Chemist: 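This is the structure I want to talk about, given as structure tokens.
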Amino acid sequence: MDHYQELVAAADYLRSYATQAPRIGVVLGSGLHNFTQEIDVVCAIEYSSIPHFPVSTVEGHHGRLIFGTIEGIPIVAMSGRFHYYEGYTSQQ
């Protein structure tokens with residue numbers, strides 16, 4: 001399976017959970033994890049359940065994709081991120 005097909009599979013999986021398309025996307029590192037408390041969460045998806053999605057191995061990076069709203073604006077937030085030094089390629 002090539003990278004494009006992997007992206008399509010992951011996107012199709014996530015679309016099944018999203019009730020509306022996010023207008024804002026945020027990548028949260030260890031210093032911003034409390035930001036998730038500001039989100040009216042619709043659903044939180046573990047990275048490990050998303051097809052072909054990298055999984056964060058850094059302690060304190062929760063590894064969840066959060067769909068929700070802030071003041072009525074649809075948002076998606078990556079609660080935890082992954083890094084090149086964790087063994088992922090730039091293509092991943």
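Given the structure is predicted, the values throughout are model-derived calculations rather than measurements.
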Chemist: Restricting to non-hydrogen atoms, name the atom on A77 and the atom on L28 that form the minimum distance, rounded to 0.1 Å.
Modeler: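 Between these two residues, the closest heavy atoms are CB-CD1, 4.2 Å.
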Chemist: Show the nearest heavy-atom pair for residues A21 and P74, with the distance to one decimal.
Modeler: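 The answer is O-CB, 3.6 Å.
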Chemist: Heavy atoms, side chains only, cut-off 4.5 Å: are Q5 and V8 in contact?
Modeler: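 SC-SC contact between Q5 and V8 ruled out.
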Chemist: Check step by step if side-chain contact (heavy atoms from CB on, under 4.5 Å) holds for I24 and I73.
Modeler: CA-CA 8 Å; I24 297 171; I73 299 171; 3.8 Å; yes
Chemist: Is there a path from V27 to V76 through hydrophobic residues (I, L, V, M, F, W, Y) whose side chains come within less than 4.5 Å of each other?
Modeler: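 Per the 4.5 Å side-chain linkage, V27 and V76 are co-clustered.
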Chemist: Provide the closest heavy-atom pair for P51 versus A9 in the form atom of the first, atom of the second, distance.
Modeler: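 Shortest heavy-atom contact: CG-O, 4.2 Å.
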Chemist: Quick check on the hydrophobic clustering: are I50 and Y17 connected, directly or via other members, by side-chain heavy-atom contacts under 4.5 Å?
Modeler: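 Per the 4.5 Å side-chain linkage, I50 and Y17 are co-clustered.
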Chemist: Quick one: do I39 and T69 satisfy side-chain contact (heavy atoms from CB on, under 4.5 Å)? Show the steps, please.
Modeler: CA-CA 6 Å; I39 301 172; T69 62; over 6 Å; no
Chemist: When rounded to the nearest 0.5 angstrom, what distance separates CG in L7 from NE2 in H52?
Modeler: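 The distance works out to 9.5 Å.
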Chemist: Could you check whether any side-chain heavy atom of I45 comes within less than 4.5 Å of a side-chain heavy atom of F67, counting everything from C-beta outward?
Modeler: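 A side-chain contact under 4.5 Å exists here.
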Chemist: Using 0.5 Å steps for rounding, measure from the CE atom of M78 to the CZ atom of F53.
Modeler: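 It comes to 4.0 Å.
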Chemist: To the nearest 0.5 Å, what is the distance between CD1 on I66 and SG on C43?
Modeler: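 Spacing of CD1 (I66) from SG (C43) equals 9.5 Å.
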Chemist: Heavy-atom distance under 4.5 Å between the side chains of F35 and I75, does that happen here?
Modeler: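 With C-beta onward as the side chain, the pair touches.
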